[in-house]
Chemist: 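Input: one structure, supplied below.
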Amino acid sequence: MTVHVIGAGVAGLSCAVRLALGGARVAVWEGAPRAGGRCRTYRDPVLGRDLDNGNHLLLSGNDDAYAYLLAVGAVDHLTGPARAEFPFLDLETGRRWCLTPGPGRWPGWLFDPDRRVPGSRPWSYLGGLGLRLAGRDATVARAVGTTGPLYRRFWEPLAVAVLNTPAREASARLLWPVLVETFGRGEAACRPRLTRCGLGPALIDPALSLLRKCDAEIAFGRRCKALDLAGDRVRGLTVGDRRLDLGPGDSVVLAVPPERAADLLPGLTVPTEHRAIVNVHYLLPDSAGAPRLIGLIGGLAQWVFTRDDVASVTISAADALLGRDPDDLAAEIWPEVRRALDLPDMPPPARRVIAEKRATFAQTPGQARRRPATRTAWRNLFLAGDWTDTGLPATLEGAIRSGRHAAEAARSFSRVS
């Protein structure tokens, strides 16, 4: 049995790793010259530093991500505070606070004003139950309500960060499982985790190393041009200039962007709208030390991540910024970064602006209904990617989980074929 994994992004690597460790023969075909997709690290010639193309935050309750990191031997690449803490700065008022969830499932910490969002009341958080009861067309804003400081300082930033979509447009049903798996399990499940040296060294390079040790075939610059679909099976595929015929027990996992999957599979329904994320990286005058983060309210910047002497700003749901001049945008954001990090008054340092125009699909109720399942109409063809119906938003955890689902489906097929 051979499983052909098309795509070496996080979803494809997650699938390939699980299959290889389970004893399956795996071939990974990637059209780009390198692995990682939207989760990669590169050496930036302007800053002279290794940069991630985008910032990704993991939480200690991301079980699939941790299982993947354990499998590839890279858990020690993560770092973060010993306890869950999320510092914030309101740029309009200058007020700082730190959201610090308590232990266990009982939310007793909400009765401590020093641990919750300023201006909120314990019962204000009951609005979150509206996410659980939300209908298929409900948005986050409709489910939780938009009055009071909790919406501006918690629900709206959370929706934008997790769903890459404004709360007034984002699907309420997609946000609920994130709360259940992290905040709903208590402090130990929602500790923020960042990579020590970047996404590539933590999530991509160790996976490729493991796959090579398992004798998996890995080929770059081999775009999948066509699938030979006959009846209820895939009979073959064309990657680059190679035609590959599939045996009775062979299968294919398509771990490519949704628009590419739709090109290869006639009639496949996929999300068709996307949202951008803009990241601005600044070279700081001094080292900021260990990786850390701070959330910003009331400005352009939403999160500031620091690692060594680089401060990286993330702006989600950033389609309106795509036409901006990069230097003008970086100059406008810099004062917010200075305030967040308590830096002295100084002109913007060397910087790099990176825009991912199709960072995620637009996680609205309508687009969420277009997410396909792992299994397809073809018995030996499966889908992986954060855009598939994983039960989670299009996050790093969702991408890794999609790979697990696809690996399980491929193994199930091989047992009955």
Side-chain angles (χ1 to χ4, degrees), residues 1-20 23-42 53 200 203-268 270 274 356-358 372 374-388 399 402-403 406-407 409-411 413-414 417:
M1 175 194 82
T2 299
V3 182
H4 297 272
V5 178
I6 312 299
V10 171
L13 292 177
S14 167
C15 176
V17 164
R18 278 188 168 268
L19 289 168
R25 183 182 176 190
V26 178
V28 180
W29 309 98
E30 170 56 54
R34 66 187 65 83
R38 289 165 292 148
C39 180
R40 62 188 184 274
T41 303
Y42 76 100
N53 67 309
L203 294 157
I204 308 304
D205 300 342
L208 294 174
S209 177
L210 174 68
L211 289 171
R212 292 186 177 105
K213 290 178 181 178
C214 293
D215 294 324
E217 183 175 1
I218 304 172
F220 300 113
R222 294 294 182 88
R223 178 183 174 90
C224 182
K225 296 181 178 178
L227 298 173
D228 180 5
L229 306 172
D232 64 350
R233 294 170 56 91
V234 180
R235 304 291 179 177
L237 62 154
T238 302
V239 289
D241 57 357
R242 290 182 61 181
R243 156 74 190 199
L244 303 171
D245 294 317
L246 270 61
D250 295 345
S251 57
V252 175
V253 173
L254 206 55
V256 296
E259 60 275 10
R260 182 63 187 144
D263 289 341
L264 292 168
L265 298 177
L268 179 68
V270 300
H274 298 81
E356 284 282 348
K357 296 181 179 180
R358 291 172 169 257
T374 302
R375 297 178 182 273
T376 70
W378 298 273
R379 294 177 53 239
N380 63 337
L381 177 61
F382 312 101
L383 303 176
D386 61 11
W387 53 273
T388 62
S402 78
R411 279 200 298 262
F413 167 78
S414 69
S417 61

Chemist: Flag the pair L246 / H4 as yes when at least one side-chain heavy-atom distance between them is below 4.5 Å, and no otherwise.
Modeler: yes
Chemist: With a 4.5 Å cut-off on side-chain heavy atoms, are W387 and E259 touching?
Modeler: no
Chemist: Quick check on R411: does its CZ atom have over 12 non-hydrogen neighbours (other residues, nucleotides or ligands) under 6.0 Å away?
Modeler: yes
Chemist: Kindly indicate whether the side chain of D250, heavy atoms from C-beta on, has any atom under 4.5 Å from the side chain of N380.
Modeler: no
Chemist: How far does CG of L244 sit from CG of L227, to the nearest 0.5 angstrom?
Modeler: 11.0 Å
Chemist: Could you give the distance from CZ (R379) to CZ (F413), rounded to the nearest 0.5 Å?
Modeler: 5.0 Å
Chemist: With a sphere of 6.0 Å drawn around CZ of R243, does it hold more than 12 non-hydrogen atoms of other residues, nucleotides or ligands?
Modeler: yes
Chemist: Show, in sequence, the C-alpha distance, side-chain angles and deciding distance for W29 and C224, and conclude whether the side-chain contact (heavy atoms from CB on, under 4.5 Å) test is met.
Modeler: CA-CA 7 Å; W29 309 98; C224 182; over 6 Å; no
Chemist: Between W378 (side chain only) and A230 (backbone N and O only), is there a donor and an acceptor less than 3.5 Å apart?
Modeler: no
Chemist: Which heavy atom of C39 sits nearest to which heavy atom of I204, and what is that distance?
Modeler: O-CG1, 3.5 Å
Chemist: Between A409 and R375, what is the shortest heavy-atom contact and its length?
Modeler: CA-NH2, 3.8 Å
Chemist: Report yes if the side chains of L268 and P372 come closer than 4.5 Å at any heavy-atom pair, otherwise no.
Modeler: yes
Chemist: Any donor and acceptor pair, going by atom type alone, linking the side chain of S402 with main-chain N or O of A399 inside 3.5 Å?
Modeler: yes
Chemist: Is there a donor-acceptor pair closer than 3.5 Å between any side-chain N or O of N53 and the backbone N or O of R38?
Modeler: yes
Chemist: Does a side-chain heavy-atom distance below 4.5 Å link L211 with L13?
Modeler: yes
Chemist: Taking all non-hydrogen atoms of both residues into account, name the closest pair between L208 and A35 and its distance.
Modeler: CD1-CB, 3.9 Å
Chemist: Looking at C15 and V253, what are the two nearest heavy atoms and their distance?
Modeler: SG-CG2, 3.8 Å
Chemist: Going by heavy atoms in the side chains, are P258 and H274 under 4.5 Å from each other?
Modeler: yes
Chemist: For the pair E30 and R40, find out whether any cationic side-chain nitrogen is under 4.0 Å from an anionic carboxylate oxygen.
Modeler: no
Chemist: Which heavy atom of V17 sits nearest a heavy atom of A207, and at what distance?
Modeler: CG2-CB, 4.0 Å
Chemist: How many angstroms lie between CG in D228 and CZ in R235, if you round to the nearest 0.5 Å?
Modeler: 8.5 Å
Chemist: For R260 and L254, run side-chain contact (heavy atoms from CB on, under 4.5 Å): C-alpha distance rounded to whole Å, both residues' side-chain angles, the deciding distance at 0.1 Å, then the answer.
Modeler: CA-CA 9 Å; R260 182 63 187 144; L254 206 55; over 6 Å; no
Chemist: For L229, run the side chain to side chain contact (heavy atoms under 4.5 Å, CB included) check against L265, T376, L264 and tell me which one passes.
Modeler: L265
Chemist: Please name the pair of heavy atoms, one in V270 and one in A262, separated by the smallest distance, quoted to 0.1 Å.
Modeler: CG2-CB, 4.0 Å
